[in-house]
Amino acid sequence: MDILITGGTGFIGRPLCERLLEHGHRVSVLTRTPGRTPPPGVQYVGRLDDVGPVQAVVNLAGEPLTEGRWTDARKQAFHASRIGTTRALLAWMQALPTPPQVLVSGSAIGYYGPGDATPLDEAASPGHDFAAMLCRQWEAEAFKADALGIRTCVVRTGIVLDRDGGALARMLPPFRLGLGGPMGDGDQWMSWIHREDLVGLILWLLSNDTARGAYNGTAPAAVTNAEFARTLAKVLGRPAVLTTPAFALKLAFGEMAGLLLTGQNVVPARALEDGYVFKHPRLEQALEAILG
């Protein structure tokens, strides 16, 4: 297939491109810096008008939520990079003589809002905080592709783990020094996924003609923040006794601290029911695979 990816130079997009090429697909990446040299086999494009016919689109574009305080300007960037990009993709696909067969679009488990230990599958109600409203608008824009006859899936991604980016890369330095530990009371749930499984899930959604709608991009076994800290420390052979107080996180990050101090116990019910097999279903095994 010819496949267009937005966000193809990011933490998830890079390995996704590699896997698609391994499967014999042809990959174009929409990027704000098309002049850079792309990886072998990948074409960088700066405008949708420069993209040839494609059979699939993977929409991963989005400014990271967890890198600093949520100023008004950053909230506008969150919206533009998600809803704005998706809206532009829809307009482009609608104008094509032959639209793509499938759209896999990003979302996040922030869709559900702050939660407790209650397991949340894809049928759970959405939340009402800023992150939840952002995800709801993002998904609503993506699902407009259904009206164009495009099979549409959204992936509500959890905390993606791998050593060269994301949350784990930021955690590793203090934990390796024995300075890691829970955030706040540590009771908040962390719904995580190994990056290899998230990429595998996206590939599976692209190829599974019966898949459509929302899928939770999380491993089957969420953990509390305190359990995550203990497990990471165990894998590294370090203690995990230092706690970061909630007030310090709120002082440093403002509204964004809510993402660190609250969480959701999200389960990938639809992926499991439809037959996706996770390579890394348990946290300790996943961390050992990453750090071993």
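The chain is numbered in sequence order, starting from 1. In this text the structure is predicted, and so the values were computed from the model without any measurement.
- Using bins of under 30°, 30° to 60° and over 60° for the plane-to-plane angle, the ring pair Phe130/Phe78 lands in the tilted bin.
- One N or O on the side chain of Asn265 and one on the backbone of Ala117 form a donor-acceptor pair closer than 3.5 Å.
- At a threshold of 4.5 Å between non-hydrogen side-chain atoms, the residues Leu168 and Leu287 count as touching.
- Ring-plane geometry between Phe278 and Tyr276 is classed as perpendicular, the angle between the planes exceeding 60 degrees on a 0 to 90 degree scale with a lower cut at 30.
- Between Asp2 and Arg26 there is a salt bridge, with a side-chain nitrogen of the basic residue lying less than 4.0 Å from a carboxylate oxygen of the acidic one.
- Side-chain contact check for Tyr215 versus Ser107: every heavy-atom pair is 4.5 Å or farther apart.
- Proximity of a side-chain donor or acceptor of Arg195 to a complementary backbone N or O of Phe11 within less than 3.5 Å is detected.
- Here Arg14 pairs with Asp164 in a salt bridge; the nearest charged N to carboxylate O distance falls below 4.0 Å.
- Side-chain atoms of Ser191 come within 3.5 Å of backbone N or O of Gln264 as a donor-acceptor pair.
- Checking Thr118 against Asp116 by side-chain atom types alone, a donor-acceptor pair falls below 3.5 Å.
- With respect to the salt-bridge test (charged N to carboxylate O, under 4.0 angstrom), the residues Lys75 and Glu255 qualify.
- Within 6.0 Å of atom NZ in Lys250, 12 or fewer heavy atoms from other residues, nucleotides or ligands are found, so the atom counts as exposed in its surroundings.
- The existence of a salt bridge linking Arg82 and Glu141 is excluded, since no basic side-chain nitrogen approaches an acidic carboxylate oxygen closer than 4.0 Å.
- Note on Lys279 versus Glu196: salt bridge recorded, some NZ/NE/NH1/NH2 to OD/OE distance being below 4.0 Å.
- Using a 4.5 Å heavy-atom cutoff, the side chains of Asp274 and Thr210 are not in contact.
- Glu284 and Thr231 share no side-chain donor-acceptor pair at under 3.5 Å.
- The shortest side-chain heavy-atom distance between Val27 and Leu16 does not fall under the 4.5 Å cut-off.
- A continuous path of ILVMFWY side-chain contacts below 4.5 Å connects Leu4 to Ile150, so both sit in one hydrophobic cluster.
- No donor-acceptor pair closer than 3.5 Å links the side chain of Thr157 to the backbone N or O of Ala108.
- Asp197 places none of its side-chain heavy atoms less than 4.5 Å from the side chain of Leu201.
- Counting heavy-atom neighbours within 6.0 Å of Arg282 CZ, excluding the residue itself, gives a total of 12 or less.
- Side-chain contact of Gln55 with His25: a donor-acceptor pair under 3.5 Å is absent, judged by distance alone.
- Looking at heavy atoms from C-beta onward, Met171 lies in side-chain contact with Leu232 at the 4.5 angstrom threshold.
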